[in-house]
Amino acid sequence: MSTNHFSEEIETRIKDFLIHSIGRKDLAKTIRQVNYALSLCSMRGCETLESELPNMDDNFYWLNRLAEVLDPYLDVD
């Protein structure tokens with residue numbers, strides 16, 4: 001597991017982006033929609049994604065993790 005940390009400037013920029021530009025819930029929703037579209041495309045064998053299929057699992061996983069950090073939707077007690 002990586003222990004890299006963002007600088008204060010980067011953290012401030014990210015917070016400003018999430019608060020003022022798009023909002024956490026809207027960004028999480030958009031990430032989930034993109035993941036859905038990518039999943040459909042990969043299952044249907046889109047030619048544009050064929051070269052990226054080996055990375056698709058990792059990309060899908062990390063985008064889902066980011067969406068969950070922004071708006072815990074799947075975290076059910």
Side-chain angles (χ1 to χ4, degrees):
M1 177 171 249
S2 179
T3 58
N4 295 338
H5 297 285
F6 293 126
S7 69
E8 284 186 42
E9 179 185 356
I10 293 174
E11 285 184 21
T12 302
R13 287 182 183 181
I14 291 171
K15 288 177 186 176
D16 287 345
F17 173 74
L18 292 175
I19 293 170
H20 301 294
S21 297
I22 190 168
R24 292 178 303 150
K25 289 189 178 204
D26 288 336
L27 182 57
K29 180 180 177 182
T30 301
I31 290 170
R32 290 182 178 110
Q33 289 171 340
V34 168
N35 266 350
Y36 176 74
L38 287 173
S39 298
L40 281 179
C41 196
S42 71
M43 287 188 294
R44 292 179 181 165
C46 292
E47 295 174 12
T48 56
L49 288 178
E50 282 187 27
S51 63
E52 292 299 319
L53 284 178
N55 300 325
M56 188 67 69
D57 289 339
D58 286 341
N59 297 343
F60 184 81
Y61 172 80
W62 288 111
L63 283 174
N64 266 343
R65 289 284 307 261
L66 177 58
E68 284 299 302
V69 166
L70 296 171
D71 180 33
Y73 179 77
L74 300 173
D75 189 22
V76 179
D77 291 331

Subject >> Distance-only side-chain donor-acceptor flag, Y36 / R32, under 3.5 Å >> reply: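 Looking only at side-chain atoms, R32 and Y36 do not form any donor-acceptor pair under 3.5 Å.
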
Subject >> Linked, directly or transitively: L27 and I10 (ILVMFWY side chains, under 4.5 Å) >> reply: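 Both belong to a single hydrophobic cluster.
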
Subject >> Interatomic spacing from CD in E68 to CD1 in I31 - rounded to 0.5 Å >> reply: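 CD1 of I31 is found 10.5 Å from CD of E68.
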
Subject >> Closest non-hydrogen atom pair, A28 against A67 >> reply: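 Taking every non-hydrogen atom into account, CB-O, 3.6 Å.
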
